[in-house]
Amino acid sequence: MNVDQILSQLQHNEGHFAKDAVLEAVARREEMIPALLNVLGDVANNPEPYASDPKSMILSYAVYLLAQFRESRAYPLVVQIFSLPGETPFDLVGDTVTEGLGSILACVSDGDISGMTSLIENELVSPYVRSAAMRGLLTLVACGKRPREEIVAYFHHLFQKLDRTPSEAWDALACRCTDLWPGELMDDLRSAWEEELISPGMINWDDIEAWHARGKDSCLQCMKEKYTLITDVVEEMAWWACFDKDRKFTYREKAARVPETFLTGMPLPIRRAEPKVGRNDPCPCGSGKKYKKCCGY
C-alpha cells in the first residue's frame, strides 16, 4: 500500500479495525507523518465536515498514530482541535476525549506542558477535554518526563486560578491531585471541599484522606500503572466496540486494560466492556452515577 491507499482505508469506519492499514502506516512511519499532520491541519482549519460525518475515523487513527510516533509537530494541532467549543471534540473522535486524549497529549508534547495548561485554563473548552489535559500532566510525571513537584506546584496555582464555582474542572482537579498523592495539596483540597466546589458524587473527602494515608510511594506506583503512554495503536484501538459489535471480550482481555486500584485501594470494576459506554450512560460499576461522573472521569 502507498500512503494514499493507507489514508483511504483509515478514512471511515466500515465496521472493522483497519489493522493492515495501521501496520502499514507504522512500517512507513516517515512517509506517513506528513500526511497525518495534514489530516490534523485540515480538521483544525475546517472541522465541520469531519464532525458531521458519523463514520469519519481518520482523525482518531491520525492522533493515535502520531502519539505512537511521538510526533511533537502534532502537539499544537491537537491542542487547537480540542480547544473547539461545545460537543465538537466528541463529534470528531467520540469517547477518545475521555479515554485516550490525556495519553495522546502526553505522547506528542515531548514533555512540554504549555499546550495542556492552555486547555486546562480555558473555560470555553469542554470540561472533559480539560480533565484529559490534567491526565496528560500526570502521564508525563508517570513516565518521568516532568517532576512531580512541578505538577504539584501547577495544581496549587490552579486552586487559586479556577473560577470558584462548582464545576467538572474542580472535580477533575481533585481526582488528579489524589492520584498524584495529595500530600502538599491537602490544604487546598480542604478549602475547595469546604467551599463545596468539589462534587461528593465524584470524590468523597474520605477517599482523599484514605489516599493521602497510603503515602506518596504507593500512590506514585499506582499512578505509573494507571497513566501510560501509547506504544501500540493496534492494542489501543482494535478492541473498540464500534469496530466489531459482536465481539465478546474475555475476562483476561478486559482486566488487562484497567488499573489495579481505584481511590479506595479496592480492585477496580471491569471497564471498557461491550458495548462501549457513553459518557451520559449509567456507569457499569453499579454506582448509580453517569459514566462521566464516575469511572469515565
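Just so it is clear, the model here is predicted, and its values are computed rather than measured. Hydrogens, waters and symmetry mates play no part in the numbers below; they use all other heavy atoms, side chains included.
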Q | Taking every non-hydrogen atom, the tightest pair across D179 and L138 | A | CB-CD2, 3.6 Å

Q.
Taking atom CD as the centre, does E195 end up with more than 12 heavy-atom neighbours from other residues, nucleotides or ligands that are less than 6.0 angstrom away?
A. yes

Q: Looking only at non-hydrogen atoms, find the nearest pair between L180 and L220 and report the distance.
A: O-CD2, 3.9 Å

**Q.** Over all atoms of both residues, closest heavy-atom pair of Y75 and G115
**A.** OH-N, 3.1 Å

Q: Flag the pair E184 and R148 as a salt bridge only when some basic side-chain nitrogen lies within less than 4.0 angstrom of an acidic carboxylate oxygen.
A: yes

Q) Should the pair W193 and W205 be assigned to parallel (<30°), tilted (30 to 60°) or perpendicular (>60°) ring geometry? A) tilted

Q: Test T139 against T228 for side chain to side chain contact (heavy atoms under 4.5 Å, CB included), laying out the working first.
A: CA-CA 6 Å; T139 303; T228 58; 6.0 Å; no

(Q) Please determine whether a side-chain nitrogen of the Lys or Arg among R130 and E123 lies less than 4.0 Å from a carboxylate oxygen of the Asp or Glu. (A) no

**Q.** Minimal non-hydrogen separation, R70 against I230, with atom names
**A.** NH1-O, 2.6 Å

(Q) If you count every heavy atom of other residues, nucleotides or ligands that lies below 6.0 Å from D110 atom CG, does the total exceed 12? (A) no

(Q) Ignoring hydrogens, what is the shortest heavy-atom contact between I198 and A174? Give both atom names and the distance. (A) CD1-CB, 3.7 Å

Q: Assert yes or no for the condition that the ring centre distance of W240 to Y64 is strictly below 6.0 Å.
A: yes

Q: Just say parallel, tilted or perpendicular for the rings of F90 and Y128, cut-offs at 30° and 60°.
A: perpendicular

(Q) Give me the atom names and distance for the closest heavy-atom approach of A142 to K224. (A) O-CG, 3.7 Å

(Q) Side chains of Y227 and R176: any donor to acceptor distance under 3.5 Å? (A) yes

